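Quantities reported herein were computed from a predicted structural model and do not represent experimental measurements. Along the sequence shown, residues are numbered consecutively beginning with 1.
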Amino acid sequence: MAERRKRRFRFIGFAAVFALLAAPAPAVAVQEGLEQAVPVTVPALSNWTPEHGSYDFRPGTRLVADSKSEREVAGTLADDLKAAGHGTVPVVRGGAARPGDIVIQVRPTKGSLGAEGYELQAGRRLSVTGATETGAFYGTRTLLQLLAQGDHIPAGRTVDVPRYKERGVGVCACYIHVSLPWLENLVREMAYHKLNQLLLELKVKSAAHPEANTWGYYTPDEMRRLVALGDKYHVEIIPEINSPGHMDPWIENRPDLQLTDSDGNKQPARLDVTQQAAFDYYTSLMDEYAQVFTASSWHMGADEYMLGSDYSNYPQMLRYAQEKYGASATPQDAYIDFINRVQAYAASKGKKLRIWNDGLTGANTVPVAAGTTVEHWLNVTEKPSQLIAQGYPLMNAAYSLYLVRGGFHSDTEALYDQSWDPRSFEGEKLTSSAGVTGAKISLWPDNGRGETENEVTTDTEPALRHLAQATWGDPHPDATYAQFTSRGTAVGHAPGWRDLTRVPVPDGTYTFRTAGGASFDAAVQRTPDGYATLRTADGCLEVRGGKLTLNVPLQPGVSATPQACDAANTMQRWELTPAAGGYRLVNAITQMALSVADDGRLVQYPPDQHQPATWHLTAH
């Protein structure tokens, strides 16, 4: 973890002048006297050949698709058109396309488009062509962005191919639970902007190791639902269980697996890699995750194993390494040995391994297994160019791309002005993209109460769009950052995106009452980030007490009590979630719902551990 986140404008005249003045001031394509603004998208179109006329989306428009893969793309597009307010558009097979139709084509012979590129041609009808289903899908994302700006698309043609194959977002839902609706919104937004990889460091509730099921976990079914959404929208969801460091969410109740220092002190965040039992434990978790996730990769983290300590405090590491690799081995070889054993296990299950870079300090004599993707976030001894020269696929996960709750935030405007691209690593700027798989932004919860999910959304949107632009095409398509950000305003949110800032009741004073007779009076007031405070006669309702994790009271059973109202205190913000004719009260930070204890106290629990109370509201 980080210390570590439509118009048509033709010929000369008023329309052309307006196009040049309107943000984001797109480039103007000129062909044989035809002057026309390049349609606005994020990422920006890498090329555009204008033609006379326009494509008009109209009643009676059909989606024409023949093959299975074409119909898959068309079916998703039909869902999204309906979600975006364009009505029900039928998917039809065969026959000649009519004016107004949208034709989906998957043509494997179009090899120049690669695995994800597409061709879009707009005229009396509109066609989207990819060499693969994924390529055609991305063409439909461009179409949806154009239709978000109006039903008339200028006639023309683009061939749009990404520069990098990995375009991602990383989310640590590893300690602080991130709500499923928030993650679902993220998947839709990623796909809308042609991002294709979501790394989730998280805990899935374990059947094999119930002692590890401390909050905040996800149920297997919740993650299957998210993976299915990712599959539909061509976003690969890669799971991570960080190891051998940052293992405290998994082994805090397993002291037998914790690394012990030379003074006999157990280290609950460090897995003892010298034990076969530790390896067996970790791989058993991998096996459980394999029942949920379909990704072709497994991320084991491998970062910050000795953060705040040193290998010399653990003499068993050196003994293990020398017994296995000889007298010249170093204690770090024991760490690399664990990585390589996990790599071999992942490979045996058809998965490729991914790790962070900071543990690769050059102090090891045993190399990391070939083919392991290294995600580079920190400037250490082994530079990006060295890792590429050694043959490791390298992803740019630079610290400058981090967004940390209550901490560091990426300066997206500065990165845009610098024309940042995935060759710009921490500590080294490469002259070639060879060996660089792509880049991602990373979201970390270091101060879990530092921001709410809705505030994180606001922070993330510009960074996500910038990352999409920098990994797909020209990193600096507009003269100014303001012009670039106006593209996001133009295309809006993905179809199906849910506004999670809506409070379902108006501000006012209410009696909250359960069917069991528990009740209290509180004034509901919407917060600027889209939650509600509940002000009682004695203060604002707040979760407080118990064990803190990343500054958050994540212990189930902790009480919610009135405290002095503080507009800056995120622990006093609540979601009113509709349920059975009433509402559940879910804390915005802990993501646990309130229940009523036998003694009448209001207490928080994960929803699968204790039936949340349903509150019926009566306005005063």
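In the model, Y175 has a side-chain atom that pairs as donor or acceptor with a side-chain atom of D248 under 3.5 Å. With 3.5 Å as the limit, one finds a donor-acceptor pair spanning the side chains of H299 and E375. With hydrogens and angles left out, the side-chain atoms of Y314 and T274 include no donor and acceptor closer than 3.5 Å. Remark: the Q343 side chain and the T372 side chain contain no N/O donor-acceptor pair separated by less than 3.5 Å. Side-chain polar atoms of D529 and T527 form a donor-acceptor pair below 3.5 angstrom. With hydrogens and angles left out, the side-chain atoms of H409 and E451 include a donor and acceptor closer than 3.5 Å. Side-chain contact annotation: E542 with Q572, donor-acceptor N/O pair under 3.5 Å present. Looking at N185 and E189, their side chains never bring a donor and an acceptor atom within 3.5 Å of each other.
Note: W215 and Y217 have perpendicular aromatic rings, judged against thresholds of 30 and 60 degrees for the angle between ring planes. Between Y282 and W298, the ring planes are perpendicular. Angles over 60° get that label, and only those under 30° would be called parallel. Aromatic ring orientation, F279 versus F338: perpendicular (interplanar angle above 60°, classes split at 30° and 60°).
Enclosure of atom CG in D598 is not indicated, since only 12 or fewer non-hydrogen atoms of other residues, nucleotides or ligands lie within 6.0 angstrom. For R513, the CZ atom counts as loosely surrounded, since its 6.0 Å shell holds 12 or fewer non-hydrogen atoms of other residues, nucleotides or ligands. In the displayed structure, R224 atom CZ is contacted under 6.0 Å by more than 12 heavy atoms of other residues, nucleotides or ligands.
Between the side chain of D358 and the main chain of V380, no donor-acceptor pair closer than 3.5 Å is present. A donor-acceptor pair under 3.5 Å is absent between the side-chain atoms of Y233 and the main chain of Y192, judged by distance alone. In terms of modelled atom types and a separation under 3.5 Å, the side chain of N196 and the main chain of K165 share a donor-acceptor contact.
Not counting sequence neighbours, the partners of D79 by the side chain to side chain donor-acceptor pair (under 3.5 Å) test are K232.
A salt bridge links R225 with E184: at least one charged nitrogen is closer than 4.0 Å to a carboxylate oxygen.
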Ignoring hydrogens and angles, write down the donor-acceptor pairs under 3.5 Å from the side chains of residues 548-556, residues two or more places apart or on other chains.
{"unit_1": "N551", "atom_1": "ND2", "unit_2": "N447", "atom_2": "OD1", "d": "3.2"}
{"unit_1": "Q555", "atom_1": "OE1", "unit_2": "K547", "atom_2": "N", "d": "2.8"}

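Under the 6.0 Å cut-off for aromatic ring centres, W444 and Y399 do not qualify, their centroids lying 6.0 Å or more apart.
With contacts defined as side-chain heavy-atom distances shorter than 4.5 Å, the pair V586/Q591 qualifies.
Residue pairs that meet the ring pair (Phe, Tyr, Trp, His ring centres under 6.0 Å) test with at least one member in residues 574-609, sequence neighbours left out, are Y605-H610.
For the side chain to side chain donor-acceptor pair (under 3.5 Å) test with S296, the passing option among K351, E236, K352 is E236; the others fail.
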